[in-house]
Amino acid sequence: MVDSFELSKIAGGILAALLVIFLPKVAIEIAHQSHGHEEIKDGYVLPAPTETEASGSAEGAPAAAFDPAAVVAMLPTAKPENAASTFKKCLGCHTADKAAASKAGPNLWGVLGRERGTRADFTGYSEAMKSKTGAWTYGDLVHFLHKPKEFVPGTKMVFPGISDLADLADVVAYIRTLSDNPEPWPTAAAAPAPAPGAAPAAAAEPK
Ligand code: HEC
């Protein structure tokens with residue numbers, strides 16, 4: 001049998017041991033905290049969230065998810081006549097005249113509203129593009145030309161994307177003109193839903 005005196009001796013011993021173990025640790029951590037690395041909450045040290053955890057998205061990606069609908073909304077006031085310098089990059093691989101043959105990439109005449117991966121004289125489509133069914137909408141073009149590999153993972157189009165959103169809108173507004181019957185401007189109702197993976201706020205919260 002252990003009497004209560006023994007018990008309190010044991011308890012006291014444990015307490016003393018804990019103090020010896022934890023006091024220096026706490027002191028060190030408080031010292032660290034003054035450098036702004038860590039946060040002490042209820043006596044426990046919580047590691048500061050890292051950049052990636054805080055952004056809740058893929059490495060290096062900005063915290064705000066890209067929303068094609070925001071650029072689609074810019075299209076009616078975009079300036080297709082200002083697209084030339086950006087579109088010159090496209091012309092390294094694409095033709096845009098109605099009668100021209102495809103080059104390293106498919107001819108872009110009439111691409112808006114065309115089924116993806118179906119330009120008849122172009123044989124170089126990736127499986128990824130051919131299996132991404134559906135016709136090119138304004139929102140699709142905006143997304144693809146901003147982040148080709150995000151919209152069509154595995155695309156053969158080796159192009160980093162147009163990062164400046166005003167330039168992007170100008171180019172898509174210009175592509176609209178590559179047609180005998182340019183598509184009507186997008187209406188708000190036709191604007192695409194945000195991309196899947198556009199992180200909802202809750203998922204982006206650090207734990
Ligand atoms: C380095 C060459 C290259 C550059 C530069 C390039 N593309 Fe492409 N593009 C391709 C290839 C190759 C494909 C076919 C991709 C696939 O099948 O995965 C393609 C596909 C496309 C498609 C889909 C066409 C279809 O028939 O479904 C569009 C739209 C497009 N490119 C637009 C552009 C625009 C606009 C630019 C300039 C901002 C551009 N591309 C720059 C090579 C290029």
Side-chain angles (χ1 to χ4, degrees), residues 58-62 64-198:
E59 247 193 317
F66 173 63
D67 179 9
V71 178
V72 170
M74 295 159 66
L75 290 176
T77 53
K79 301 230 162 8
E81 64 274 20
N82 290 350
S85 65
T86 308
F87 199 73
K88 217 186 294 170
K89 297 178 195 163
C90 320
L91 292 174
C93 297
H94 292 281
T95 48
D97 296 334
K98 189 177 179 179
S102 294
K103 299 201 294 181
N107 178 300
L108 293 179
W109 179 266
V111 71
L112 184 63
R114 185 163 89 199
E115 284 288 315
R116 274 184 272 282
T118 60
R119 168 78 193 191
D121 76 334
F122 183 72
T123 53
Y125 286 114
S126 60
E127 281 308 314
M129 183 65 82
K130 283 190 284 188
S131 56
K132 180 108 183 163
T133 52
W136 286 108
T137 64
Y138 287 111
D140 292 347
L141 281 176
V142 161
H143 195 168
F144 181 62
L145 296 177
H146 184 56
K147 293 183 171 177
K149 288 190 164 62
E150 183 180 287
F151 187 72
V152 182
T155 181
K156 281 189 193 166
M157 179 158 125
V158 184
F159 180 74
I162 303 168
S163 51
D164 184 280
L165 299 186
D167 288 350
L168 179 60
D170 291 346
V171 165
V172 173
Y174 173 70
I175 289 174
R176 172 180 177 268
T177 68
L178 304 176
S179 168
D180 290 324
N181 290 305
E183 299 256 330
W185 286 118
T187 58

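This one's a predicted model, so the numbers in the text were calculated from it and none came from an experiment. Note that ligands are numbered from 1 as they come in the structure, with each ligand's atoms numbered from 1 the same way.
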Check: Atom CG in D121, atom OG1 in T95: separation rounded to 0.5 Å?
Finding: 7.5 Å
Note to self: Donor-acceptor check, side chain of D97 to backbone of A99, threshold 3.5 angstrom: yes or no?
What the structure shows: no
Item checked: Element-labelled atoms of ligand 1 that are located less than 4.0 Å from some non-hydrogen atom of L145 -> 32 (C), 33 (C), 34 (C), 35 (C)
Checklist line | Point-to-point distance, once rounded to the nearest 0.5 Å, from CD of E150 to OG1 of T155 | finding: 13.0 Å
Checklist line | SB check R116 D140 (cutoff 4.0 Å) | finding: yes
Next item on the list: Number the atoms of ligand 1 from 1 as they appear, then name those within less than 4.0 Å of a heavy atom of L141, with their elements.
Entry: 29 (C)
Note to self: Which residue and atom name correspond to the protein heavy atom nearest atom 13 (C) of ligand 1, and how close is it?
What the structure shows: P106 CD, 3.6 Å
Next item on the list: Among all protein heavy atoms, pick the one closest to atom 36 (C) of ligand 1 and tell me residue, atom and distance.
Entry: C90 SG, 2.8 Å
Check: Taking the minimum heavy-atom distance to atom 6 (C) of ligand 1, which of H94, K132, R119 ranks first?
Finding: H94
Check: Does NZ or CZ of K89 fall inside the cone over F159's six-membered ring, less than 6.0 Å from its centre and within 45° of the axis?
Finding: no
Notebook entry, point to check: For ligand 1, which atoms have a heavy atom of F144 less than 4.0 angstrom away?
Noted result: 21 (C), 22 (C), 28 (C), 30 (C), 31 (N)
Item checked: For R116, atoms of ligand 1 separated by under 4.0 Å from a heavy atom -> 27 (O)
Margin query: Please determine whether any non-hydrogen atom of G92 lies less than 4.0 Å from an atom of ligand 1.
Written below: no
Note to self: At under 4.0 Å between heavy atoms, is it the side chain or the backbone of V152 that contacts ligand 1, or both, or neither?
What the structure shows: neither
Checklist line | Option nearest atom 2 (C) of ligand 1 (shortest heavy-atom distance, choices A104, G124, C93) | finding: C93
Next item on the list: Name the closest protein heavy atom to atom 15 (C) of ligand 1, giving the residue it belongs to and the distance to 0.1 Å.
Entry: T155 OG1, 3.4 Å
Margin query: Check whether K98 reaches the backbone of D180 with its side chain - one donor and one acceptor, N or O, closer than 3.5 Å.
Written below: no
Notebook entry, point to check: For ligand 1, which atoms have a heavy atom of K89 less than 4.0 angstrom away?
Noted result: 5 (C)
Notebook entry, point to check: Between the side chain of R114 and the main-chain N/O of W109, is any donor-acceptor distance below 3.5 Å?
Noted result: yes
Check: For ligand 1, is T86 a contact, meaning one of its heavy atoms is under 4.0 Å away?
Finding: no
Check: For ligand 1, which atoms sit closer than 4.0 Å to a heavy atom of V158?
Finding: 1 (C)
Check: If you count the atoms of ligand 1 from 1 in the order shown, which ones are under 4.0 Å from a heavy atom of I162?
Finding: 38 (C)
Margin query: Determine whether a donor-acceptor pair (N or O, by modelled atom type, separation under 3.5 Å) exists between the side chain of D170 and the backbone of A78.
Written below: no
Notebook entry, point to check: For G113 and A135, which heavy atoms make the closest approach, and how far apart are they?
Noted result: O-CB, 3.4 Å
Margin query: Keeping H94 on the side-chain end and P106 on the backbone end, is there a donor-acceptor pair under 3.5 Å?
Written below: yes
Check: Nearest non-hydrogen atom to atom 23 (C) of ligand 1 belongs to which of W136, Y174, Y125?
Finding: W136
Notebook entry, point to check: For atom 18 (O) of ligand 1, which candidate among G154, P160, S126 provides the closest heavy atom?
Noted result: S126
Notebook entry, point to check: Does K130 have a heavy atom less than 4.0 Å from any atom of ligand 1?
Noted result: no
Checklist line | Euclidean distance, D167 CG relative to T86 OG1, rounded to 0.5 Å | finding: 4.0 Å
Margin query: Can a side-chain donor-acceptor contact be found between Y138 and R176 if the only test is distance below 3.5 angstrom?
Written below: yes
Next item on the list: With heavy atoms of I175 as the reference, note each atom of ligand 1 found under 4.0 Å away.
Entry: 35 (C)
